[in-house]
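Down below is the structure, laid out as structure tokens.
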Amino acid sequence: MGRGAAVLLLAFVLFLASHSTPASAATKSYLVVSKDPVSVLLALIAGLTSNFKTLYVFKEIKGIGVQIDDVLASLLQNNPRVLAVIPDRLHNVYTTHSWGFLGLETYDGNKENQGWKWHASTFGEGVVIGHVDTGVSPISESFRDDDLSAPFGWLGRCDAGKDTTFRCNNKLIGARYFSAGIQSSNTLVGEADANSPRDYVGHGSHTLSTSAGGFVNGTSAFGHGKGTAKGGSPKARVASYKACYAPGCSSMDILAAILAAVADGVDVLSLSLGADAADYAADLMAIGTFYAVQKGVTVVCAGGNSGPQPGSVSNLAPWMLTVGASTMDRDFPAQVTYGGTTIKGLSLSTSTEPANKQYPMISGDKANPDGQSSGNSAFCVPDSLDPAKVSGKIVVCTRGVNGRVEKGMVVKKAGGIGMVLCNDESAGNGLIADPHLIPAAHCSYSDCKKLIAYLRSNESPVGNITVADAEFHVKPAPVMAFFSSRGPNTITPQILKPDITAPGVSVIAAISEEVSATGLDFDDRRVPYGIMSGTSMACPHVSGVAGLVKAEHTKWTPAMIKSAIMTTASNGDNDNGPIRDETGAAATPFSYGSGQLNPVQALDPGLVYDTTLYDYANFLCSLRPTQSQNLLPISIPFLVSLFLPANSNPFTCSMGVAVRPENLNYPSISAACLSVSNTTSVKRRVKNVVKGYSKYTVSIVQPTAGVKITVKPNTLSFSQIGEEKEFTVELDVDDAPAVAAANYVFGSIEWTDGKHRVRSPVVATTKCA
Ligand SMILES: *[C@@H]1O[C@H](CO)[C@@H](O)[C@H](O)[C@H]1NC(C)=O
Ligand SMILES: *[C@@H]1O[C@H](CO)[C@@H](O)[C@H](O)[C@H]1NC(C)=O
Ligand SMILES: *[C@@H]1O[C@H](CO)[C@@H](O)[C@H](O)[C@H]1NC(C)=O
């Protein structure tokens, strides 16, 4: 069914629904949390109305998911026994707009295991990595259980629902689905999709196989060399918690999925999804993941694909490990040859055929049907191209507005034989290799400027597209992906987000047999492996490494694992330069957080920043009270109390020490609202995780302008594992106009004992949120 038809049908259903229940007010889904046990809360609601539906019972957090009308929602908000009434929201998976799939027989992909070397340690054995996503394809080779015995101590299950052929095994040890929220939201979900843990989108199989897909045989269509693995933790077991469907993910279903994963016993939870940033107290994903982290589950989240706008990053809570996306050192080159010149782009398509020929070219903005504007045809949106002008030609289309792969289909439908996909100025050099259905090349803004000048100055311009084999050891890499969402953190500027960057451009992994190759009309390719881009793809690389760290250090807390991954990240590229962004300029920690994921070093960080429940509690108490939309915010102290021993008093903010949010013991440092006349002191505490005596000294990279960083003391000694030492980072504004002009300044501190390097980026601004 086309998108237009789906929208029409949805409108029709809504129309019917609103007319079949004329008397009752519209209902919505809410999480309601109470001071009382769930049974008391349910009785309270039943006493107020008969018109409600229970979607979920969340005993762990004394909450329920209910469908109620506005009147009841505000009644409950005003009830003194009720702590929170939070409306459901729609979340989305974080692939870029147009993803696509491809059988990879045509080139030798993935020789280098997606650009990063991989530690021959335990391979994540003994660890369970779960994801909340669109489900999983149980028949994918990535989830074969060849050498794995039955899991030990696993509490999860394989809930196949109405799907009679879905099977788990000793690799895919759990699969469940949660759809009560999305089904109560007037959103259309396919009948089979809503009643099975199977992946009907492709996204979930891709993310899960990236984090922990098993060894894939070297002879597979995929072109893996022997001894390479696909997932970051190839011997980890995996469990799938489906909460996302073609239209999106209900935050209620996400919460249910997270709580189920915790109860089942996953060690790492990977969430390649999100919504616009929201106060932690009004965000079911933030609440659910807080619970998960307190229960010892490391939570890794995608940061979003709304870059490069500042402040676009989401999943901002400090207990999440939030991931940006960057390129790998592998390219899929595609050349455009025209007028004696060749420019280099990227593509996963074929070359123009027959070969050794040149074909007429036309710019999309000149290919509009007479009488229609060129605004649409410049972007090659559906039905914007005149077949009479396009037939037999290579069409130049501008990136944006509609999907990249779709543009090629539009050209094909109009009779075109190839496409050059051109970045505009804002997309700069950020290129993506897509599995286009016609010969195509995605080219940079600067290259396209030359091409377009050629088209303008020639009566009958000609050219062709040559797609070559994959290239390895491409420099520079990593480069930040254009789409990767950027800091600062719009909720708490004192917590730097994203935390880290990992490969998220043209990532090859398993997909689902249930979807067509691109999800677009008339594409009926079904393939076992696909290529996708997005912070969704970067996130499970980090989840996989979190699994490796957990397998080696089984007793570490999620905060310790997160710290190990962050402080060992690298802020340089493979060309001895800084990590760059899509414009070629040096990127900042607002793009990459602590830097690029470094799996080998993450296993041996030396020191870690651990963060306890009390640290989080004090941090939450230090935030402004939330005023979101007239809601009673969930009582964070109450949430904290859930984790205290049964006989202790409920936690209140006054029990904590007065702290400022930048003093949360976090592996990176961000200070907002710096005083221009006084020193700002930021406190930190590091824990030794290595046997024997060690002495660390600090080295500081000062910001280029305006702020001086001093660390006191500048040496720290340790003699035991688990020993913690405090230090203070002092920030002095020595040139206020320079800081104001720069807006934000960036430096770093690094502790080293000669063997380990424990680095934290430092971000400072005199701006106040
Ligand atoms: C892997 O490839 C080898 C060599 O072609 C073959 O003998 C073996 O059966 C394959 N293993 C699997 C699990 O497919
Ligand atoms: C493209 O055109 C050039 C120059 O005419 C030619 O050498 C090359 O073989 C052509 N490539 C393809 C794929 O047709
Ligand atoms: C600087 O610190 C002193 C001593 O703590 C305090 O009295 C003063 O108000 C501070 N000045 C500013 C501008 O914050």
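Counting starts at 1 for both ligands and their atoms, in listed order.
Considering each of N464, I465, N356, the one bringing a non-hydrogen atom nearest atom 11 (N) of ligand 2 is N464.
In this structure, a donor-acceptor pair under 3.5 Å is present between the side chains of D199 and T134.
Under a 4.0 Å N-O distance rule, the pair D499/K497 qualifies as a salt bridge.
The shortest contact between atom 4 (C) of ligand 2 and any protein heavy atom is with Q358 NE2, 3.5 Å. In terms of protein heavy atoms, atom 13 (C) of ligand 2 is closest to T466 OG1, 3.4 Å.
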Under 3.5 Å, sequence neighbours excluded: what are the donor-acceptor pairs made by side chains of residues 384-396?
residue: S384; atom: OG; partner: V381; partner atom: N; Å: 3.3
residue: S384; atom: OG; partner: V381; partner atom: O; Å: 2.7
residue: D386; atom: OD1; partner: A388; partner atom: N; Å: 3.0
residue: K389; atom: NZ; partner: N368; partner atom: O; Å: 2.6
residue: K389; atom: NZ; partner: D370; partner atom: OD1; Å: 3.0
residue: K393; atom: NZ; partner: K389; partner atom: O; Å: 2.9

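Checked against T466 for a side-chain contact (heavy atoms from CB on, under 4.5 Å), the options P439, S347, S351, P333 give a single hit: S351.
By the definition of a contact as any protein heavy atom under 4.0 Å away, atom 7 (O) of ligand 2 is not in contact.
Around the CG atom of D383, the shell of radius 6.0 Å holds no more than 12 heavy atoms that belong to other residues, nucleotides or ligands.
Residue contacts with ligand 2: T352 is placed with no nitrogen or oxygen under 3.5 Å of a nitrogen or oxygen of the ligand (distance criterion only).
Contacts between K357 and ligand 2, counted as non-hydrogen atom pairs separated by less than 4.0 Å, involve the backbone only.
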